[in-house]
Amino acid sequence: MEKDFIKDEEILYRAVKSYSNWWKEKENRPSSAAFKDSRGVSVDRDFGKEESDIVRGLKKRFEVKAVVKIETLFCRKIGAKPMPKPIPKIPEHAEIHRSDTIIELTSSQARSLAKNCKIVFSE
């Protein structure tokens, strides 16, 4: 895994917290609010780990409603910028930004991620 660049084939995992506005019950999927954060959309890179280990790690760190995965290439296709943002003890941490210079995603980008992510765990 490259530390300074996220390859197109990498998968990004997002912990969807149990906030009522982060989940569309009727559609059984995350809402666009789960992908709106002025500090960047926090995700974990797959980093060559098994999906079950990634889910277990996210569930340990957060109280989650679901864990979803997003393809890096899809992020780039909608103009979003996956960026490595390792933190102590979590080298796989990354964020999805609107662009190289703007952090918060547009409503359209957030909506696209919500509609196109795949649920890998859900309560």
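If you chain together hydrophobic residues whose side chains sit under 4.5 Å apart, I6 and V68 fall into the same group. I54 and I90 are not part of a single hydrophobic cluster, where members link through side-chain heavy atoms under 4.5 Å apart. Using a 4.5 Å cut-off between side-chain heavy atoms of Ile, Leu, Val, Met, Phe, Trp and Tyr, with links allowed through other members, I119 and V43 fall into the same hydrophobic cluster.
Counting only distance, with no hydrogens or angles, the side chain of R98 and the backbone of E104 share a donor-acceptor pair below 3.5 Å. Put simply, the side chain of K36 gets close to the backbone of L105: a donor and an acceptor are under 3.5 Å apart. A side-chain donor-acceptor contact under 3.5 Å links S31 to the backbone of N21.
Between D44 and R61 there is a salt bridge, since at least one side-chain N of the basic residue sits less than 4.0 Å from a carboxylate O of the acidic one. Ion pair E25/K65 flagged as a salt bridge, since at least one NZ, NE, NH1 or NH2 atom sits closer than 4.0 Å to an Asp/Glu carboxylate oxygen.
Here the closest heavy-atom approach between residue R14 and residue A34 is recorded as NH2-O, 2.7 Å. Across A94 and P84, no two heavy atoms sit closer than the pair CB-CA, 4.2 Å. Residues I87 and H93 approach most closely at CG1-CB, 4.0 Å, considering heavy atoms. When all heavy atoms are compared, the tightest approach of V16 to W23 is CG1-CE3, 4.0 Å. Here the shortest heavy-atom pairing between Q109 and I78 reads NE2-O, 3.4 Å. Minimum heavy-atom separation, I103 to G40: CG2-N, 3.1 Å.
Around the CD atom of E63, the shell of radius 6.0 Å holds no more than 12 heavy atoms that belong to other residues, nucleotides or ligands. Summarising the local packing, CD of E50 is surrounded by 12 or fewer heavy atoms from other residues, nucleotides or ligands at distances under 6.0 Å.
Distance check: L12 CG to E92 CD gives 11.5 Å after rounding to the nearest 0.5 Å. Summarising the geometry, atom CD1 belonging to I11 is positioned 15.5 Å from atom NZ belonging to K49; distances are rounded to the nearest 0.5 Å. Separating the CD1 atom in I70 from the SG atom in C75 is a distance of 5.5 Å, to the nearest 0.5 Å. If you take NZ on K81 and NE2 on H97, they are separated by 12.0 Å, rounding to the nearest 0.5 Å. Interatomic distance, OG of S112 versus CZ of F35, reported as 10.5 Å (0.5 Å rounding). Once rounded to the nearest 0.5 Å, the distance linking CD of E10 with CG of D46 reads 5.5 Å.
Residues satisfying the ring pair (Phe, Tyr, Trp, His ring centres under 6.0 Å) test with W22, not counting sequence neighbours, are Y19. Residues passing the side-chain hydrogen bond (donor to acceptor under 3.5 Å, both in side chains) test with K85, sequence neighbours excluded: none.
Among residue pairs with one or both ends in residues 66-78, those qualifying as side-chain hydrogen bond (donor to acceptor under 3.5 Å, both in side chains) are D8-R76, E51-K69; sequence neighbours excluded.
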